[in-house]
Amino acid sequence: MKKSNVRSLQVDRLLLDKVIEKIRDELGLSFADKAADVERALINYFNEYRIDALHTKIEGLLQEDLSRNFDLLDHLTISETYFFRNHKLFAVLEKEILPAIIRRKARTQQPLTIWSAGCSSGEEAYSVAMLIDQLQKNHPKPIPARILATDINQHILIKAREGLYSNWSFRNMPVKYMKEYFTPQNGRYFQIAPHIKKMVHFEQHNLKKGPFPVNENWKNFDIIICRNVLIYFDRETMLNTLQRFHDLLDEDGYFISGPAEIPSLHFKKFKGQLINSVILYRKHIPPVIKEEHVKTARKPQKAALKVIHPHFEHKAKTKEKIKTDAAPAPEEANNNFEELTLIKNLADLGNLEEARKLTQNYLLRNNLDSHAHYLLGTIYLEMGKTAEAEKSFQKALYLKPDHIMAHFHLANLYTFNGRIKDSRMHFTNVLNLIRSFDPQQEIPGSEGMSAFQFKQMVEKILKTSRLAS
């Protein structure tokens with residue numbers, strides 16, 4: 001919901017409730033507990049501050065088909081997106097999911113079919129198209145790929161079809177993609193490459209009303225992506241939409257939701273799968289795929305290790321024991337930070353097993369370092385070893401009870417394992433700890449999210465959890 005500095009007026013509550021009910025019935029969007037937000041949206045939409053005139057205009061609005069009122073939709077929902085939003089998800093798509101699907105499709109030459117539902121201005125769909133293009137560059141016979149991108153808002157789809165973007169859409173864009181797939185226009189905008197644009201088909205579609213499928217050409221999707229849309233839906237619309245997504249997925253297909261949306265709490269037909277700390281959903285999880293994804297550690301990159309190892313070997317050969325009950329000297333603390341940074345860089349390169357061993361060696365000398373236990377937990381999480389990850393996060397919290405990200409990861413693990421009560425407790429702890437932060441202050445370890453953004457995300461997760469129960 002877009003914010004406004006306008007003072008909220010006292011719109012007749014019965015009239016306001018009629019608007020909220022109409023929004024729910026026609027769009028599936030739930031604002032039952034956000035009457036003041038709807039009121040502000042109506043004030044801004046009509047640009048009207050006189051209460052009597054506003055009432056008259058609202059009465060007229062009740063006679064309209066809201067699904068065709070695109071200006072009002074702009075005021076009710078946020079179309080905030082950018083290329084490669086949530087880099088962990090796109091890394092999983094690039095390294096794990098898309099290569100496996102492409103190999104499978106190559107055997108039959110069937111097209112790779114993807115649906116980006118609630119696509120907004122198109123950055124998500126185009127990001128997936130660029131990944132597919134990169135992955136198929138060296139294939140002797142690339143498989144055909146089709147991406148359906150839908151949104152209820154016809155205005156935003158005009159921008160998506162145009163494929164012209166400003167700098168704001170590129171704040172998480174890898175440089176190689178920027179150079180290869182975009183052409184500068186007029187110094188301020190960038191035009192996406194024609195062959196990438198051709199891969200994506202944009203259609204207006206109402207997830208509340210359907211139809212499902214959008215048309216007969218779009219069935220048996222390998223991947224359906226619907227991020228940060230379900231959080232706006234009432235429970236009935238959400239369940240119906242999830243059922244339809246499930247029906248339209250290929251038997252080996254993936255469903256991807258936003259981080260604040262936990263479909264498995266509501267819709268038991270989807271099976272959660274943890275891949276490199278990203279939760280995805282399947283119709284069913286083949287045993288081979290499960291086993292394959294648990295073993296996510298990549299082969300060590302020897303060139304990188306030759307640079308890093310001498311530092312660790314020197315530290316490991318030190319004969320002087322560090323007293324665990326004494327604070328490290330400034331120089332020692334700096335060395336410890338440097339060592340953990342190098343280990344994290346090693347893990348980021350994909351050398352998970354090597355990073356695990358080095359972190360454990362470090363903990364033999366620094367067992368009271370909460371950050372090291374947390375780092376080990378994230379490494380275990382990337383490796384798919386959730387039980388070991390849980391123990392490491394618990395140790396980190398024992399040593400540092402206010403470690404926000406340790407609480408957050410534990411909460412996600414407990415959600416994934418069905419321990420909803422424990423999950424809520426840790427999410428609540430996150431919210432309590434965030435209160436001491438300035439809203440614009442970055443949460444350490446959150447990949448750049450501000451306290452305000454992180455708080456909003458966790459509140460949405462908790463609300464979803466309460467609805468499910």
Side-chain angles (χ1 to χ4, degrees), residues 28 81 85-86 88-102 104-105 111-120 124-125 127-129 131-132 145-151 200 203 205-208 210-214 218-233 235-286 289-290 292-293 384 412 415-418 460-461 464-465 467-468:
T81 187
R85 186 178 185 182
N86 187 341
K88 280 193 174 182
L89 168 61
F90 280 96
V92 168
L93 283 171
E94 180 182 19
K95 303 294 184 184
E96 304 282 351
I97 296 175
L98 285 172
I101 295 174
I102 289 171
R104 189 172 73 246
K105 296 288 183 177
L112 168 59
T113 308
I114 297 171
W115 182 7
S116 170
C119 67
S120 187
E124 176 180 87
S127 296
V128 175
L131 281 185
I132 294 171
R146 308 184 309 146
I147 300 173
L148 172 66
T150 64
D151 201 279
V200 184
E203 297 280 351
H205 184 253
N206 186 335
L207 288 171
K208 167 73 174 181
F212 293 89
V214 175
W218 295 100
K219 294 180 179 179
N220 300 321
F221 290 97
D222 297 293
I223 303 173
I224 296 177
I225 307 172
C226 185
R227 298 193 293 164
N228 305 316
V229 176
L230 299 175
I231 54 175
Y232 287 108
F233 286 173
R235 180 173 173 78
E236 181 183 0
T237 302
M238 177 172 53
L239 290 174
N240 288 339
T241 303
L242 288 171
Q243 178 63 62
R244 287 158 172 168
F245 284 156
H246 188 270
D247 292 343
L248 289 171
L249 266 184
D250 184 76
E251 286 303 308
D252 293 318
Y254 291 83
F255 173 66
I256 299 172
S257 64
E261 300 160 319
I262 310 173
S264 59
L265 287 177
H266 310 269
F267 188 76
K268 302 302 181 184
K269 291 183 182 180
F270 274 131
K271 310 302 180 185
Q273 183 175 11
L274 190 67
I275 305 178
N276 293 353
S277 77
V278 175
I279 297 178
L280 307 164
Y281 299 91
R282 309 285 300 274
K283 273 192 176 182
H284 67 274
I285 304 174
I289 299 297
K290 267 187 176 179
E292 176 182 301
H293 283 159
N412 280 325
T415 298
F416 185 73
N417 292 327
K460 287 174 184 175
I461 293 173
T464 301
S465 176
L467 283 173

Task: Over all atoms of both residues, closest heavy-atom pair of P213 and K219 - done: CG-CE, 3.9 Å

- [ ] Please examine the side chains of L230 and L242, heavy atoms only from C-beta on, and report whether any two atoms are closer than 4.5 Å.
- [x] yes

Open item on the list: Using a 6.0 Å cut-off, check whether atom CD of E236 has over 12 heavy atoms from anything other than its own residue.
Closed with: no

Task: Heavy-atom pair with the smallest gap, counting every atom of K271 and K268 - done: NZ-O, 3.3 Å

TODO: First locate atom CG of L98, then atom CZ of F90, and finally report the distance between them rounded to the nearest 0.5 Å.
DONE: 9.5 Å

Open item on the list: Once you measure the plane-to-plane angle for Y281 and F255, does it fall in the parallel (<30°), tilted (30-60°) or perpendicular (>60°) bin?
Closed with: tilted

Task: Side-chain heavy atoms of L249 within contact of Y254, under 4.5 Å - done: no

Task: Sub-6.0 Å ring centroid separation between F270 and H246 - done: yes

TODO: Give, for atom CD1 of I97 and atom CG of L89, the distance between the pair rounded to the nearest 0.5 Å.
DONE: 7.0 Å

TODO: Check the pair T241 / V229 against side chain to side chain contact (heavy atoms under 4.5 Å, CB included), numbers first and verdict last.
DONE: CA-CA 11 Å; T241 303; V229 176; over 6 Å; no

Task: Where H205 and G210 come nearest, the two heavy atoms and their spacing - done: NE2-C, 3.4 Å

TODO: Enter the distance from F221:CZ to I147:CD1 here, rounded to the nearest 0.5 Å.
DONE: 11.0 Å

Task: W218 CH2 to I114 CD1 distance, which is reported to the nearest 0.5 Å - done: 9.5 Å

Open item on the list: side chain to side chain contact (heavy atoms under 4.5 Å, CB included) for L207 and F212? Distances and angles first, verdict last.
Closed with: CA-CA 9 Å; L207 288 171; F212 293 89; 3.9 Å; yes

- [ ] Any chance you could lay out the side chain to side chain contact (heavy atoms under 4.5 Å, CB included) test for V92 and K88, step after step, and finish with the verdict?
- [x] CA-CA 6 Å; V92 168; K88 280 193 174 182; 5.8 Å; no

- [ ] Give the intermediate values and the outcome of side chain to side chain contact (heavy atoms under 4.5 Å, CB included) for residues T415 and I279.
- [x] CA-CA 10 Å; T415 298; I279 297 178; 5.9 Å; no

Task: Between W115 and T150: side-chain donor-acceptor atoms closer than 3.5 Å - done: yes

Open item on the list: Looking at every heavy atom in both C119 and D151, which two are closest together, and how far apart are they?
Closed with: N-OD2, 3.5 Å

Open item on the list: Minimum heavy-atom separation for D252 and H284, please, with both atom names.
Closed with: OD1-NE2, 3.7 Å

Open item on the list: For the backbone of D222 and the side chain of D250, can you confirm whether one donor and one acceptor N or O come within less than 3.5 Å of each other?
Closed with: no

TODO: Could you tell me the separation between the CG atom of N86 and the CG atom of N228, rounded to the nearest 0.5 Å?
DONE: 9.5 Å

Open item on the list: Let me confirm one number: the CG-CG distance from N417 to N412, rounded to the nearest 0.5 Å.
Closed with: 11.0 Å

Open item on the list: Would the distance check show the side chain of R227 and the main-chain N or O of R85 forming a donor-acceptor pair, the cut-off being under 3.5 Å?
Closed with: yes

Task: Atom of S116, atom of E124 and distance for their closest heavy-atom approach - done: OG-OE1, 2.6 Å

- [ ] Decide yes or no for Q243 and L239: does some side-chain heavy atom of the first lie under 4.5 Å from some side-chain heavy atom of the second?
- [x] no

Open item on the list: Do L93 and I256 make a side-chain contact, defined as non-hydrogen atoms from C-beta onward lying under 4.5 Å apart?
Closed with: yes

